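These notes concern the structure reproduced below.
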Amino acid sequence: GSKKNTVIETINDPQTEELKGDEFVDDPLLARFGRLKSFDASFQFISDHNSIVSQDNSDTLMIAAFHAQMGGKSNRAKNYVHQALVLQYTTNLGRDGPGMFFKRMKDRNEASVRMFAQDLERTYEHIKMRSKVIAQKSVDSEKGGGSHIDLNPADK
């Protein structure tokens, strides 16, 4: 008798890559979500893995965006910001958040789409600015020769 193999196909994954994190996100599922580029793919992913919707995961992707920007990977950084905001919006809309959010984006609800786009630009610009400031502080402290330890938790 021939055995039937069940193959589970995943999004953006033609060669079914191993589940692993990337250089900015340790969690394999979150790393994959962070690389998605469309609302449709994001909605499908969240439908399949709804546990991913949380403020903690949104925060993790924002931190990843910051590290990507610091590493000169601005496209990756902006994509992480986009996906972090998707998680933030869907979390803030409550139990039916994902359905409501993606319906508004898919229906091109003008106010919702504009608000999301503005939020994306504003948040990404903030990350770009903070990255430049920190890079400059790093250069300045190297020029000064002395080591500088910043104990201020606000810059975390």
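Residue numbers run from 1 in the order of the sequence given. Because the structure is predicted, anything quoted here is derived from the model rather than measured.
The minimum heavy-atom distance between Ala135 and Met70, with the atom names listed, is N-CE, 4.3 Å. Heavy atoms only, all atoms of each residue included: Ala84 and Leu61 are closest at CB-CB, 3.7 Å. Heavy atoms only, all atoms of each residue included: Ala31 and Val25 are closest at N-CG1, 3.6 Å. A pairwise comparison of heavy atoms in Pro98 and Val53 identifies CG-CG2, 4.3 Å as the closest pair. Residues Met100 and Leu93 approach most closely at CE-CD2, 3.6 Å, considering heavy atoms.
In this structure, the side chain of Asp27 engages the main chain of Leu29 through a donor-acceptor pair within 3.5 Å. Checked by atom type and distance alone, the side chain of Thr90 pairs as donor or acceptor with a backbone atom of Leu87 at under 3.5 Å. Between the side chain of Asn79 and the backbone N or O of Gly34, at least one donor-acceptor pair lies under 3.5 Å. Between the side chain of Ser138 and the main chain of Ile134, no donor-acceptor pair closer than 3.5 Å is present.
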Kindly determine whether Arg104 and Val113 satisfy side-chain contact (heavy atoms from CB on, under 4.5 Å), including the steps that lead there. CA-CA 7 Å; Arg104 289 176 186 169; Val113 170; over 6 Å; no

Salt bridge (charged side-chain N to carboxylate O under 4.0 Å, His left out) between Glu23 and Arg76, worked out: CA-CA 11 Å; Glu23 70 264 45; Arg76 174 84 66 91; 3.6 Å; yes

CA sep, side-chain torsions, deciding dist, call: Arg35, Asp22, salt bridge (charged side-chain N to carboxylate O under 4.0 Å, His left out): CA-CA 10 Å; Arg35 290 191 296 267; Asp22 62 25; 3.2 Å; yes

What verdict does the side-chain contact (heavy atoms from CB on, under 4.5 Å) test give for Asn92 and Gln55, after you've listed the backbone C-alpha separation in whole Å, the side-chain angles of each residue and the deciding distance to 0.1 Å? CA-CA 9 Å; Asn92 290 343; Gln55 189 58 50; 4.2 Å; yes

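In summary, of the residues considered (Val81, Leu85, Val86), a side-chain contact (heavy atoms from CB on, under 4.5 Å) with Gln83 occurs for Val86 alone. For the ring pair (Phe, Tyr, Trp, His ring centres under 6.0 Å) test with Phe102, the passing option among Phe45, Phe43, Phe116, Tyr89 is Phe43; the others fail.
At a threshold of 4.5 Å between non-hydrogen side-chain atoms, the residues Met62 and Ile127 count as touching.
Salt-bridge check for Glu125 with Arg130: failed, with every basic side-chain N at 4.0 Å or more from each acidic carboxylate O. Between Lys106 and Asp40, at least one side-chain nitrogen of the basic residue sits less than 4.0 Å from a carboxylate oxygen of the acidic one, meeting the salt-bridge criterion.
There is a path of hydrophobic side-chain contacts, each under 4.5 Å, that joins Met115 to Leu120. Placement of Met129 and Tyr124 in two distinct hydrophobic clusters is found when ILVMFWY residues are connected by side-chain heavy-atom separations under 4.5 Å, directly or transitively.
With rounding to the nearest 0.5 Å, the separation of CD in Gln88 from CG in Asn57 is 12.5 Å. Taking CZ from Arg114 and CZ from Arg108, the interatomic distance works out to 14.0 Å, rounded to the nearest 0.5 Å. Considering CG of Leu30 and NE2 of His49, their distance stands at 11.5 Å, rounded to 0.5 Å. To the nearest 0.5 Å, atom OG of residue Ser47 and atom CD1 of residue Ile52 are 12.0 Å apart. Atoms OG and NE2, from Ser38 and His82 in turn, are 8.5 Å apart once rounded to the nearest 0.5 Å.
Side-chain contact of Ser74 with Gln69: a donor-acceptor pair under 3.5 Å is absent, judged by distance alone.
Side-chain rings of Phe101 and Phe39 approach one another, their centers coming within less than 6.0 Å. The aromatic ring centroids of Tyr80 and His67 lie 6.0 Å or more from each other.
Listed by chain and residue number, nothing satisfies the salt bridge (Lys or Arg N to Asp or Glu O under 4.0 Å) test with Lys132 (two or more places apart in sequence, or in another chain).
In this structure, Asp107 places its CG atom where more than 12 heavy-atom neighbours from other residues, nucleotides or ligands lie under 6.0 Å away.
Sorted by first and then second residue, the pairs that involve residues 77-101 and meet salt bridge (charged side-chain N to carboxylate O under 4.0 Å, His left out), not counting sequence neighbours, are Lys78-Glu121.
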